[in-house]
Q: 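After the structure tokens below, expect a handful of questions from me.
Quick caveat, the model's predicted, so the values are computed rather than measured.
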Amino acid sequence: MSSETPIKEYKHPAGGWGSAKALASILVQEHVSLHGASVLMHQNKPDGFACVSCSWAKPADPHLFEFCENGAKATAWEITNKRVEAEFFETHTLTELESWSGFELESQGRLCAPLRWDRTTDRYVQTTWEHAFAEIAGELRALDPKEVVFYASGRASLETSYMYQLLARMYGCNNLPDSSNMCHESTSVGLLPAIGVPVGTVTLADFEQADCMLFFGHNTGTNAPRMLHQLQDARKRGVEIITFNPIRERGLVEFANPQAPLEMLKPGGTQISTQYHQLKVGGDAAAIAGLCKLLIEWDDAAQRDGAPRVLDADFIAEHTHGFDEFAEAMRELTWEEIEGHAQLSRAALEDAARVYARSKATMVLYGMGITQHRSGVHNVQMLTNLLLLRGNIGRPGAGICPIRGHSNVQGQRTVGITEKPELAPLDKLADLYGFEPPRDKGMSTVEACQGVLDGKVKGFIGLGGNFQVATPDHHVMDPAWRKLRLTVQIATKLNRSHLIHGEVAYLLPCLGRIEVDRQAGGEQAVSVEDSTACIHGSHGYVEPASEMLLSEPAIVAGIADALLPRNPRLDWQAWVGDYAKIRDAIEATYPDQFRDFNARFWQPGGFHRPIAACRREWKTPNGKANFIVPETLDEDADMPSTGPDVLRLMTTRGDSQFNTTVYGLDDRFRGVHGTREVLLMHRDDMARQGLEESDAVCITTVSQDGITRQLEGMRVHAFDIPRGCIMGYYPECNPLIPLSHHAKKSLVPAAKSIPVRLRKLAATVPAVGAEVEAEPA
Ligand SMILES: Nc1nc2c(c(=O)[nH]1)N[C@H]1C(S)=C(S)[C@@H](COP(=O)(O)OP(=O)(O)OC[C@H]3O[C@@H](n4cnc5c(=O)[nH]c(N)nc54)[C@H](O)[C@@H]3O)O[C@H]1N2
Ligand SMILES: Nc1nc2c(c(=O)[nH]1)N[C@H]1C(S)=C(S)[C@@H](COP(=O)(O)OP(=O)(O)OC[C@H]3O[C@@H](n4cnc5c(=O)[nH]c(N)nc54)[C@H](O)[C@@H]3O)O[C@H]1N2
Ligand SMILES: [Mo]
């Protein structure tokens, strides 16, 4: 590699000194005081606050510092001393701000006062909460409720989320998409018919009893770093960890605990993965099918030879349906198909299958590499098929573990934020609050975008998030967003979605979770559900960024009170005064799931919601766990014809971002420094396409709808990634994803397998801003 390249192999374990150094620099960058930094001691503690970053489980007996570098960055980002004051908008029009990067926008700091867009000056102007609620309610009343979308990004608490879905339904619509629609919706849709629950079945206790973990498509060191503690402990007990990922992600290769000083002094860390299979992007269904085929055929042989069975025949007979058909489909697959689609050899799959076949308790863990594909739902079901073969659901140390994203994304679905009416307790809501909830299907994220394009959506309310940036097809969508009548964004920091707005536009600033939330009944706490279905309490520690902020429950209640007729059964302001009353309402709505909610939510480690599949109770229509035969192993089966020059683009997160919030330009563990405008690809693919290191290219999506989707000026770099695959960053690459390119059934945008072509641009200017940073040895 030339000396100008921004890509440099990261040879150190994840965690370690690099982690401590990066953390110190973000605290300085955000002007966080020493008092502020001490807040970190309460992060993810049983009596503290739930991290605003990822949703990984919070143990009952936490480490002294139960946070990771990225969680600490997210805290610093929220408790920053920087503020967006009124003068900021006096000096910048929204049109001007559109040319700013997301990083520059969010770096201005916390929003401080309710704002209304002023058409004549094209600026956000400060307003009062009363005025905001009254005008928003008036606008909503003038619209047909079916034309309004109530989006939620998965951070808002259970209390806010419950109120928000009730507001939408009492107003008259089920248009309640949330970030889950871009994330683990393939999980919820895939797991229900397979095992009868939409969520994972493992808890932290299972990590201590598993002897094998199969890891698919998750960048743990970056996106759920606290889990590395559990993985490290597991490795020390000799647990086998087998990873399937196109990229060798540092955290899954080795880890040094930055909070264990002795470990940091040693040169290496703990080896995490015992086998690492770099499969082709979109090759998971084929790889898992290969594993299933091997187990089934080894079991066939064992039966012939009278040897011990490889499959758990008793479990299959008692608990499952569809085994014969599934087994036959796997036997019929050829190794040519499997090896071709997975780009893994039979020998490699045999290595993995042998470990699985020996294991007494296996856990499958996975992330976006599985769900964000056209075949995302099938991928998830192939994982359950694999587990069912050896009875690995519903016993200690075994199970399926989707690693969720946002800190309460799973919980939002649990308390009714869903566009699918059959998943919400509508009869119960009707009964409790004396209204007739809408029964028709609402819009998911992709359907809401389509509605904006078609003119069917006229109003949009965003409870957090950065919808316009996180969703696909920016060039196509942006002009359509500006035709909306009403946009309301409830947020902590400025982002691009606040600039692409409707005719009447509000930006409403709210308290963050780490801030003290004082209401009529005193300081309030909230609750969140982690990836393992455990519910935790959380209360704030720092003074609010501004006196004018309202809490999210207060904002939802403010809109509800102004919009809805008085309801003798529901006093929104009483709920705001005392959040325990909202928890009582949640318990009344879901008595089994939230029994004794107020008494239990501070329990160390959280309380575990009852998940039927954990007890081998299958809430499927046939009362069984179901094997499900995949339609195809080919990720691109129904895509436009592709040629040899077409590459499969996966868009992922780097080490210095939380979703669309970019804290910095480095992706340390992947060795990328000072730039995100890069595409990482195999050396041979570069050579075949006549590309050299750092060449600037035009990247174009292959599609047949007549729309050109391209980005110019990204630079290509040789990287350790399978042939035919290419990696770019989210959200920079989102303009390349056609809205129609999504998972079948779950409608999750297929952000991990976009067919693209590259064209070399004439070399003019050298890459700017990119540099090689030497890591301490
Ligand atoms: N610090 C930090 N933490 C976060 C977030 C963040 O942005 N920053 N985001 C949060 C959210 S909302 C979410 S959903 C999660 C996301 O966490 P991840 O699920 O880790 O998401 P990505 O960053 O998209 O990384 C996807 C991983 O899948 C791999 N991959 C890509 N395509 C394939 C494939 O076809 N097969 C396989 N087997 N692997 C593939 C990639 O190489 C990468 O390792 O993290 C959450 N936590
Ligand atoms: N290409 C591509 N696209 C993707 C993905 C991908 O891997 N590749 N991943 C998808 C996934 S998994 C997800 S989850 C979505 C994420 O989509 P979103 O959840 O919509 O986006 P975020 O970037 O998490 O939202 C960040 C904004 O939330 C606001 N915010 C932060 N804290 C709070 C708070 O406490 N309250 C309120 N009200 N607002 C707050 C801030 O204003 C901040 O700018 O993106 C999806 N898009
Ligand atoms: Mo997510």
Side-chain angles (χ1 to χ4, degrees), residues 55-61 63 187 191 194-195 197 199-218 220-221 224-245 249 251-255 257 270-277 284 287-288 291-292 295 310-312 315 319 351-367 369-370 380 382-404 530-534 605-606 608 611 613-616 625:
S55 57
W56 185 237
K58 295 134 188 74
D61 50 344
H63 296 83
T187 292
L191 291 185
I195 59 170
V197 292
V199 298
T201 64
V202 308
T203 64
L204 281 182
D206 291 307
F207 277 79
E208 286 158 27
Q209 303 190 45
D211 62 16
C212 170
M213 297 181 189
L214 304 176
F215 237 97
F216 291 86
H218 188 263
T220 313
R226 287 184 301 113
M227 187 197 281
L228 294 180
H229 291 299
Q230 279 90 44
L231 299 185
Q232 194 184 31
D233 293 346
R235 279 298 304 132
K236 287 181 178 162
R237 287 191 295 110
V239 172
E240 299 264 3
I241 300 182
I242 303 181
T243 298
F244 293 84
N245 195 312
E249 304 285 22
L252 293 170
V253 175
E254 59 177 342
F255 172 58
N257 185 349
T270 311
Q271 177 202 16
I272 297 292
S273 296
T274 48
Q275 289 183 28
Y276 210 113
H277 300 288
D284 299 84
I288 304 162
L291 299 178
C292 292
L295 290 167
V310 177
L311 305 183
D312 186 340
F315 174 84
H319 287 284
D351 287 343
R354 263 193 297 273
V355 173
Y356 179 51
R358 273 201 309 267
S359 149
K360 293 195 170 60
T362 291
M363 213 185 260
V364 160
L365 306 101
Y366 67 96
I370 285 288
V380 170
M382 282 306 290
L383 293 174
T384 51
N385 290 335
L386 180 63
L387 286 169
L388 292 177
L389 285 178
R390 288 185 42 80
N392 273 312
I393 293 202
R395 61 186 165 80
I400 188 141
C401 182
I403 306 163
R404 300 268 167 174
D530 71 27
S531 261
T532 62
C534 289
H608 191 227
I611 304 295
C614 297
R615 302 183 301 271
R616 296 193 164 176

Q: Strictly by modelled atom types, are T532 and T203 linked by a side-chain donor-acceptor pair under 3.5 Å?
A: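 Side chains of T532 and T203: no pair found under 3.5 Å.
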
Q: Contact between L252 and L231 at the side-chain level, heavy atoms closer than 4.5 Å - yes or no?
A: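 Side chain of L252 against side chain of L231, heavy atoms only: contact under 4.5 Å found.
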
Q: Nearest 0.5 angstrom please: L387 CG to Y356 OH, how far?
A: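 OH of Y356 is found 5.0 Å from CG of L387.
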
Q: For M213 and A210, work out which heavy atoms get closest and say how close.
A: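 Of all heavy-atom pairs spanning M213 and A210, the closest is CE-CB, 4.3 Å.
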
Q: Which heavy-atom pair separates R237 from Q209 by the least distance, and what is that distance?
A: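 Looking at all heavy atoms of both residues, the shortest contact is NH2-N, 4.0 Å.
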
Q: Please walk me through it: do L228 and W56 pass side-chain contact (heavy atoms from CB on, under 4.5 Å)?
A: CA-CA 11 Å; L228 294 180; W56 185 237; over 6 Å; no

Q: Please find the pair of heavy atoms, one from L311 and one from R390, that lie closest to each other, and give the distance.
A: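 What the structure gives for the nearest pair is CA-CG, 4.5 Å.
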
Q: Calculate, to the nearest 0.5 Å, the distance between atoms CD1 and CG belonging to I288 and L383 respectively.
A: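 Answer for the CD1-CG pair, I288 versus L383, is 4.0 Å.
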
Q: Return yes if some donor-acceptor pair links the side-chain N/O of Q232 with the main-chain N/O of T270 below 3.5 Å, else return no.
A: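 Such a contact is absent between Q232 side chain and T270 backbone.
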
Q: Answer yes or no: is there a side-chain heavy-atom contact under 4.5 Å between M227 and L365?
A: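 Answer yes - side chains close enough.
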
Q: If we ignore angles and hydrogens, is there a donor and acceptor under 3.5 Å between the side chains of Y366 and D284?
A: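 No donor-acceptor contact under 3.5 Å links the two side chains.
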
Q: Under 30°, 30 to 60°, or over 60°: which ring-plane class applies to H229 and F255, parallel, tilted or perpendicular?
A: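 Aromatic pair H229/F255 classed perpendicular.
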
